Asker: 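This structure is in structure tokens; I'll ask about it shortly.
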Amino acid sequence: MNILVINAGSSSLKYQLLNPETQQVLAKGLCERIGIDGKFTYKPEGKEPVKEADVAMPTHNEAIKAVLDALVDAKNGVIGSMKEIDAVGHRVVHGGEKFARSVLITDEVMAAIEECNPLAPLHNPANIIGIRACQALMPGTPMVAVFDTAFHQTMPAAAYMYALPYEYYEKDKVRRYGFHGTSHKYVTQRAAAMLGKPIEELKLISCHLGNGSSITAVDGGKSVDTSMGFTPLAGLPMGTRCGDIDAGILQYLMNQYGMGIDEMLNILNKKSGVEGLSCVSSDFRDLESAAGKGDEKAALAQKKFAYEVKKYVGAYAAAMGGVDAVIFTAGVGENDKAIRSMVCEGLEYMGVKLDAAANDVRGEEKVISAADSKAKVLLIPTNEELMIAIDTAALAK
Ligand code: ADP
């Protein structure tokens, strides 16, 4: 079964054609600068990547058309015809409280996704445009929506409610939703397979540490708490996002500098996090190298990040009454051994003991805890496209 996975943003579109049964990726790539000048990247398996600038992409329709043309192209194509695409899986950022799992897309589902637009005004409308473009070019092909928020819909009210007047939840749907659900679901399923135990019997803490970062407590295969909130600004400090801060700071700084709320939020989203704190970079590789040369602020940003991750690990072990494994994934989690080591340092009391030699690894599925560590520490590369393809294939059958 071949599944086309589409992740549409406002001016870009990532795609991958893969077979979820064999996990073979037939081709993948990226359309960028949609609506501007159009840049197209296509990498067929086993062949040279194709890069084309100035591809006319006034809308997402032309971008999807370029993807389909490339997939069936006589020279660089990987399938004979579009009929060999059995279904399309679309990443959709926000499913609100309406979607607790992936769904086959119908007119009713489209209307419900649109109703979630106010919750993710930058992302959902772009996801919808991507779906419509595919529907127009591939009528009759089953389409599935896979939501970033769905996996977290199992959280209990005590975890998802904010201590705000109740009416803001009832009337305005203000609550914790959580994000990165597809990644947390994928790595926790892989963790159960690695540990050789049914996921129903496991208490797992999944640390998705990338440019955006979130941590999820997964008890018995269900998300019971997660660090991102109503928006992806909450929780850990990230590349450029501040994570949790005292809301009173907003009023204070806005008064101090005569800023409006948009300017303030731009600072919290794009100028804060490890970049803001280090005055160096949002990229952990740059922090490592600057800290190595004695830059104190870069070292502080690394420490602050690892400290907050550690606090969430402790909090979620408390929330679940224990932990069987801590999982590291995404760009930083998969590659940065120093951060993993800083997070685990001092957690021996709760049975988490990293093995320094085993931790000297990047981007491969591996147990990195010591043999006598009561809780395992696992490095698991995430694969959101595969998870989307698995869900899509199951629903399209
Ligand atoms: P996104 O949230 O954009 O999906 P990723 O999960 O791809 O982000 O993570 C990107 C981040 O991973 C980079 O900004 C960088 O900080 C970090 N990263 C990537 N490679 C390394 C590495 N070798 N060492 C440390 N950090 C790395």
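Numbering of ligands and ligand atoms starts at 1, following listing order. Not measured: the values here are computed from a predicted model.
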Asker: What is the closest protein heavy atom to atom 16 (O) of ligand 1, and at what distance does it sit?
Answerer: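 Protein heavy atom at minimum distance: Phe284 N, 2.8 Å.
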Asker: Run the ring-ring contact (aromatic ring centres under 6.0 Å, His included) test on Phe305 and Phe284 for me, step by step, so that the C-alpha distance in whole Å, both residues' side-chain angles and the decisive distance to 0.1 Å come before the verdict.
Answerer: CA-CA 10 Å; Phe305 179 78; Phe284 281 72; 4.7 Å; yes
Asker: What atoms of ligand 1 come within less than 4.0 Å of a heavy atom belonging to Asp336?
Answerer: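 Within the 4.0 Å cut-off of Asp336, ligand 1 contributes 25 (C).
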Asker: Can you list everything that forms a salt bridge (charged side-chain N to carboxylate O under 4.0 Å, His left out) with Glu288? Sequence neighbours excluded, please.
Answerer: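 For Glu288 there are no salt bridge (charged side-chain N to carboxylate O under 4.0 Å, His left out) partners, ignoring immediate neighbours.
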Asker: For ligand 1, find out whether one of its N or O atoms is nearer than 3.5 Å to an N or O atom of Gly212.
Answerer: yes
Asker: Can a side-chain donor-acceptor contact be found between Ser214 and His208 if the only test is distance below 3.5 angstrom?
Answerer: no
Asker: Could you see which bit of Arg362 sits under 4.0 Å from ligand 1, with heavy atoms only: side chain, backbone, both or neither?
Answerer: side chain
Asker: Could you give the distance from CE (Met143) to CD1 (Ile131), rounded to the nearest 0.5 Å?
Answerer: 9.0 Å
Asker: Please report which non-hydrogen protein atom sits nearest to atom 9 (O) of ligand 1, along with the residue it belongs to and the distance in Å to one decimal place.
Answerer: Gly331 CA, 3.3 Å
Asker: Between Arg175 and Tyr177, is NZ or CZ placed under 6.0 angstrom from the six-membered ring centre and within 45° of the ring axis?
Answerer: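 Yes, Arg175 lies over the aromatic ring of Tyr177.
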Asker: Could you tell me the residue and atom name of the protein heavy atom closest to atom 15 (C) of ligand 1, and the distance to it rounded to 0.1 Å?
Answerer: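 Here the closest protein heavy atom is Asp283 OD1, 3.3 Å.
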Asker: For atom 10 (C) of ligand 1, what's the nearest protein heavy atom and its distance?
Answerer: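 Of the protein heavy atoms, Asn211 N, 3.8 Å lies nearest.
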Asker: What pairs meet the salt bridge (Lys or Arg N to Asp or Glu O under 4.0 Å) rule with one or both residues in residues 71-96, with sequence neighbours excluded?
Answerer: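 Non-adjacent pairs meeting salt bridge (Lys or Arg N to Asp or Glu O under 4.0 Å): Arg91-Asp148.
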Asker: Fit a plane to each ring of Tyr42 and Phe40, take the angle between them on a 0 to 90° scale, and name the class: parallel (under 30°), tilted (30 to 60°) or perpendicular (over 60°).
Answerer: parallel
Asker: Hey, is atom 4 (O) of ligand 1 touched by any protein heavy atom at less than 4.0 Å?
Answerer: no
Asker: Where is the nearest protein heavy atom to atom 19 (C) of ligand 1: which residue, which atom, and how far?
Answerer: Arg285 CZ, 3.6 Å
Asker: Ala330 heavy atoms, cut-off 4.0 Å: which ligand 1 atoms fall inside?
Answerer: 6 (O)
Asker: Which atoms from ligand 1 have a heavy atom of Val332 less than 4.0 Å away?
Answerer: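 By the 4.0 Å cutoff, the relevant atoms are 12 (O), 16 (O), 17 (C).
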Asker: Flag yes if more than 12 heavy atoms outside Lys366 fall under 6.0 Å of its NZ atom; otherwise flag no.
Answerer: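 Atom NZ in Lys366 is crowded, with more than 12 foreign heavy atoms closer than 6.0 Å.
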Asker: Which residue owns the protein heavy atom closest to atom 23 (N) of ligand 1, what's the atom, and how far is it?
Answerer: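 That would be Asn335 CB, 3.4 Å.
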